[in-house]
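Basis for what follows: all heavy atoms, side chains included, without hydrogens, waters or symmetry-related copies. Note that the structure is a prediction, hence the values are computed from the model and not measured.
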Amino acid sequence: MKSIIFFDGVCNLCNASIDFIIQRDSDDTFLVGALQDELSREILDEFEVDKNYLDSLVLLESGEIFYRSTAALKISKNLSGLWPALYPLIYLPKWLRDPVYDWIARNRYRWFGKKSTCRLPSPEEKAKFLSKENMHTAIPAAV
């Protein structure tokens, strides 16, 4: 079953990160959805994630929610190339990992800008974006 990555759909850095992930998701492990999207909100509501939360990637994997550096490292573990080599950083305590993540998150709009609306997938990307049609491939807890 696929894991779902939720991201800030108006953030330029977040959108670039999703492009990066899609290009390296050679095993087709992930679906992605904007945190602002109604379907994403419905799913995250089941896991008691605040509807206004936009400060981090959110990963739904095996029925569990992961945030910030933990989400990013779990994602990296499944990407092609050398990115899985970053995964051992997961063994560092969150109090060491998350401040760097939070600093970037706080400054992402100022440094990278933001769009006025959420990104729409290209026809080639459509199968990678969360939709009612492809929910059957997502983790069972999210269906």
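Taken to the nearest 0.5 Å, the CD atom of Q23 stands 9.5 Å off from the OG atom of S80. The distance from the OG atom of S3 to the CZ atom of F66 is 9.0 Å, given to the nearest 0.5 Å. With values rounded to the nearest 0.5 angstrom, Q36 atom CD is found 10.5 Å from N52 atom CG. Rounded to the nearest 0.5 angstrom, K2 NZ and D27 CG are separated by 11.0 Å. Atom CG of L39 sits about 10.0 Å away from atom CG of L31, to the nearest 0.5 Å. Distance check, rounded to the nearest 0.5 Å: CG of D37 to CZ of F7 gives 9.0 Å.
Between G9 and A34, the closest heavy-atom pair is CA-CB, 3.9 Å. The heavy-atom pair separating L73 from Y87 by the smallest distance is O-CD1, 3.3 Å. Taking all atoms of both residues into account, the shortest heavy-atom contact from L35 to S56 is CD1-O, 3.7 Å. The shortest non-hydrogen separation linking C14 to C11 is SG-SG, 2.9 Å. Scanning both residues, F47 and I43, for their nearest heavy atoms gives CD1-O, 3.3 Å.
Sequence neighbours left out, the pairs with a member in residues 68-77 that pass side-chain hydrogen bond (donor to acceptor under 3.5 Å, both in side chains) are R68-D102, S69-R97, S69-D98, T70-R97.
Side-chain contact check for F20 versus W83: some heavy-atom pair is nearer than 4.5 Å. Looking at I5 and L57, their side chains come closer than 4.5 Å, going by heavy atoms from C-beta outward. Looking at heavy atoms from C-beta onward, I75 lies in side-chain contact with L59 at the 4.5 angstrom threshold. Between Y53 and V58, the closest side-chain pair of non-hydrogen atoms falls below 4.5 Å. Side-chain contact between R108 and D55 is present, with heavy atoms from C-beta onward closer than 4.5 Å.
Using modelled atom types, no side-chain atom of D25 and backbone atom of I21 make a donor-acceptor pair closer than 3.5 Å. Under the 3.5 Å distance criterion, the side-chain polar atoms of D45 are left unmatched by any main-chain donor or acceptor of R41. Judged by distance alone, the side chain of N107 and the main-chain N or O of W111 form no donor-acceptor pair under 3.5 Å.
Within 6.0 Å of atom CG in L96, more than 12 heavy atoms from other residues, nucleotides or ligands are found, so the atom counts as buried in its surroundings.
Ring to ring, Y67 and Y101 are not that close: their centroids are 6.0 angstrom or more apart.
Grouping the Ile, Leu, Val, Met, Phe, Trp and Tyr side chains by contacts below 4.5 angstrom, directly or via other members, places V10 apart from F112.
Evaluated for a side-chain contact (heavy atoms from CB on, under 4.5 Å) with L44, the options L60, D50, V49 yield exactly one hit, V49. A side-chain contact (heavy atoms from CB on, under 4.5 Å) with F30 is found for one member of I18, I22, L79, L130 and no other, namely L79.
Between K128 and D28 there is a salt bridge, since a side-chain N of the basic residue sits under 4.0 Å from a carboxylate O of the acidic one. Ion pairing of K114 with D8 is absent here, as no side-chain N (NZ or NE/NH1/NH2) approaches a carboxylate O to less than 4.0 Å.
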